[in-house]
Amino acid sequence: MGGAQWCAWVARELKRKLAPALPGGLALAGLAASTWIAFRLGQSFAFTGFVHLIIVVLAAMYGGFWQATVISIGAAACLNYFFVPPIFSFVNSPANWVALGAFEFTALVISRLSERAQLRAMEAIAERRDMERLYETSRRILLLESSGEPGSLITALIQEMFALKAVRLFDALAGATYQSGSCESDADQQTRNAYLLGTDTYHPATRSWYCALRLGTRPVGGLALNDTQMSKQAATALASLSGIALERLRTLQRESRAEVARQTEQLRTAVLDALAHAFKSPLTVARTASSGLLAVGGLSELQTEMVTVIDQQARELEHLTSRLLRAAMLDGAEFKPQRESLLFSDLVGAAIQRLDRETDRSRFRVSVPELEVAILADRELMLTALAQLIDNALKYSEAGSPVAVTFAVKDTAVVATMRSKGIVVARQDCDRIFERFYRTAEAEHLPAGTGLGLSVVKKIVSAQYGTVWAEGEAGYGTSMCISLPTAPWSQT
């Protein structure tokens, strides 16, 4: 270290160590100067005492109680020595003791008031700094991307903005914990306790806040802030902001997933539509050819059997492509049902009569009430939906078992129930079977469908302000129910 650097270091150290004593030194100098001037000008004891009192007040404000005490003793000594006869000697004078008491009392009061004012000023500065950080944190939270884990993004941002040793966040809704930095060993338990108890606590030993995350008044998690002296108001505000930010990022992620699902559904619909149209023409040609061969005749028994199989399978494929086209049509914006007053039993009967085999038609037991209330529905769309339910009832019920169809009026709707004996749809699957391509575990060993039928039924019924649902009956089978609004002023 060079001489210049050493001198600079010594100067800095002296400044650092002597700075606290500077107010006392200046006060002593002022005391000496005021005493000399007052003595030279022949001022009285009272005037000089008042000047000394001002110096004591200044020493108490800037130097604290102990420096002001030293100045008080020095001021009383100067007054006694220079202004109490006989001068130039210390006299046991009551006035001197009164002056010393006044100086000391003033030093005590002013120093305490000064310390309190400085403390409040420091608190105000700290609160303003915390509010500025809270504002900046809230601004940056609005700019956070929703691609990553919400908790990790929030903890990293809080640690950066408030210069904390560590931040830990417990998300009760997701059951996950996120951390940025190195937390205390018991931070996880303390964070969970803050959520469970709904409290905000400060641990002075570790200088840590443990706050409950809240949405409104409902706790949704916990937040740990390590190595901080921020106020309770700032800590609770930060916890509330974190709860809101967590919910906002979750909402953005849900919206993003919903948008992706919507676009995927649109793409899938477009692909299904394209495939159905691509298959429709070749299938029509194949079925026309097979039907023509059967009509012309002149085939051997084996040839007739093979052409019949081709004709039947072509019919099944044509039926499948029709369903695909219908599903694509129902997803279109131009889909608008043409509702009219109809009888539910007539629709069910018409759908049953469209079955090819008499053995299938004979399995249905339709109970028509004496006074049947009409419904508002689109005839062709409802025939399509009922045909799908009938096909499911035949496919997933015991061979030859009856399928019961009943009707009931509930409030302002008519409910049609189709009850079949066979597989029992589990409670957790009763809603999901109406999703596209969903298949229950109970139906794994049974013939596979297109995965579109029940989703088409739900779209048709929902478009007519109705509802459709499934009810599993333990030990028997499953009932499919459709509820449609009644037609106004109609009862047959």
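Below, all heavy atoms of this structure are taken into account, side chains as well, without hydrogens, waters or symmetry copies. Everything numeric here is computed off the predicted structure, so don't read it as measured data. Numbering of residues begins at 1 and proceeds along the displayed sequence.
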**OP:** Carefully, step by step, assess Glu132 and Arg129 under the rule salt bridge (Lys or Arg N to Asp or Glu O under 4.0 Å).
**Re:** CA-CA 5 Å; Glu132 291 174 351; Arg129 183 175 63 249; over 6 Å; no
**OP:** Please report the closest heavy-atom contact between Val461 and Thr467, naming both atoms and the distance.
**Re:** CG1-N, 3.4 Å
Original post:
How many angstroms lie between CD1 in Ile460 and OG in Ser455, if you round to the nearest 0.5 Å?
Top reply: 9.5 Å
**OP:** Mind listing the closest non-hydrogen atom pair of Ser367 and Pro369 along with its distance?
**Re:** O-CD, 3.7 Å
Subject >> Inter-residue atom distance Lys395.NZ - Ile423.CD1, 0.5 Å rounding >> reply: 11.0 Å
Original post:
If you count the non-hydrogen atoms of other residues, nucleotides and ligands that lie under 6.0 Å from CE in Met131, is the total more than 12?
Top reply: yes
**OP:** Give a yes or no on whether Tyr135 atom OH has more than 12 heavy-atom contacts from other residues, nucleotides or ligands under 6.0 Å away.
**Re:** no
**OP:** Would you indicate whether the side-chain heavy atoms of Gln464 and Leu484 approach each other to under 4.5 Å?
**Re:** yes
Original post:
Rounded to the nearest 0.5 Å, how far does OG of Ser208 lie from CG of Asp227?
Top reply: 7.5 Å
Original post:
With distance as the sole test, does Asp378 use its side chain to make a donor-acceptor pair with the main-chain N or O of Glu380 at under 3.5 Å?
Top reply: yes
**OP:** State the SG-CD distance between Cys481 and Glu471, to the nearest 0.5 angstrom.
**Re:** 4.5 Å
Subject >> Which atom of Val348 lies closest to which atom of Leu386, heavy atoms considered >> reply: N-CD1, 3.8 Å
**OP:** Return yes if some donor-acceptor pair links the side-chain N/O of Glu247 with the main-chain N/O of Gly243 below 3.5 Å, else return no.
**Re:** no
**OP:** Could you check if a side-chain atom of Ile154 sits within less than 4.5 angstrom of a side-chain atom of Leu249, using non-hydrogen atoms only?
**Re:** yes
Original post:
Could you go step by step and tell me if Leu197 and Tyr210 meet the side-chain contact (heavy atoms from CB on, under 4.5 Å) rule?
Top reply: CA-CA 11 Å; Leu197 300 176; Tyr210 297 97; over 6 Å; no
**OP:** Report yes if some heavy atom in the side chain of Pro488 is under 4.5 Å from a heavy atom in the side chain of Leu376; otherwise report no.
**Re:** yes
Subject >> Arg133 bridged to Glu136 by N-O distance under 4.0 Å >> reply: no
Original post:
Within a strict 4.5 Å, meaning less than it, do heavy atoms of the Ile482 and Leu389 side chains meet?
Top reply: yes
Original post:
Any donor and acceptor pair, going by atom type alone, linking the side chain of Thr478 with main-chain N or O of Val425 inside 3.5 Å?
Top reply: yes
Original post:
Short question: side chain of Thr236, backbone of Gln233 - any donor-acceptor pair under 3.5 Å?
Top reply: yes
**OP:** Hey, could you give me the CZ/CG distance between Phe170 and Leu223, rounded to the nearest 0.5 Å?
**Re:** 12.5 Å
Original post:
With no hydrogens and no angle check, is any side-chain donor or acceptor of Gln159 less than 3.5 Å from a backbone partner on Lys165?
Top reply: yes
Original post:
In Å, rounded to the nearest 0.5 Å, how long is the span from CG of Asn193 to CD of Gln190?
Top reply: 5.5 Å
**OP:** Please check if atom CG in Asp431 has more than 12 non-hydrogen atoms from other residues, nucleotides or ligands closer than 6.0 Å.
**Re:** no
Original post:
Taking it one step at a time, do Leu246 and Val220 satisfy side-chain contact (heavy atoms from CB on, under 4.5 Å)?
Top reply: CA-CA 10 Å; Leu246 197 63; Val220 294; 5.7 Å; no
**OP:** Verify side-chain contact (heavy atoms from CB on, under 4.5 Å) between Arg379 and Leu347, making sure each step is shown before the conclusion.
**Re:** CA-CA 7 Å; Arg379 176 182 293 274; Leu347 292 173; 4.1 Å; yes
**OP:** Go through the steps to decide whether Arg354 and Leu383 satisfy the test side-chain contact (heavy atoms from CB on, under 4.5 Å), and finish with yes or no.
**Re:** CA-CA 10 Å; Arg354 289 186 178 185; Leu383 287 175; 3.2 Å; yes
**OP:** Please tell me if the side chains of Leu394 and Phe364 come closer than 4.5 Å, counting only heavy atoms from C-beta onward.
**Re:** yes
Subject >> Val403 to Ser420 - nearest heavy-atom pair and separation >> reply: CG2-CB, 4.2 Å
**OP:** May I ask you to decide whether Asp200 forms a salt bridge with Arg214, counting only side-chain N to carboxylate O separations under 4.0 Å?
**Re:** yes
Original post:
Is there a side-chain contact between Trp469 and Val415 (heavy atoms, below 4.5 Å)?
Top reply: yes
Original post:
Counting distance only, does the side-chain N/O of Thr199 pair as donor-acceptor with the main-chain N or O of Thr201 below 3.5 Å?
Top reply: no
**OP:** Say whether, by atom type as modelled, one donor and one acceptor occur between the side chain of Thr412 and the main chain of Pro485 under 3.5 angstrom.
**Re:** no
Original post:
Is there a side-chain contact between Ser483 and Lys410, using heavy atoms and a 4.5 Å cut-off?
Top reply: no
**OP:** Answer whether the closest heavy-atom distance between the side chains of Arg207 and Tyr202 falls below 4.5 Å.
**Re:** yes
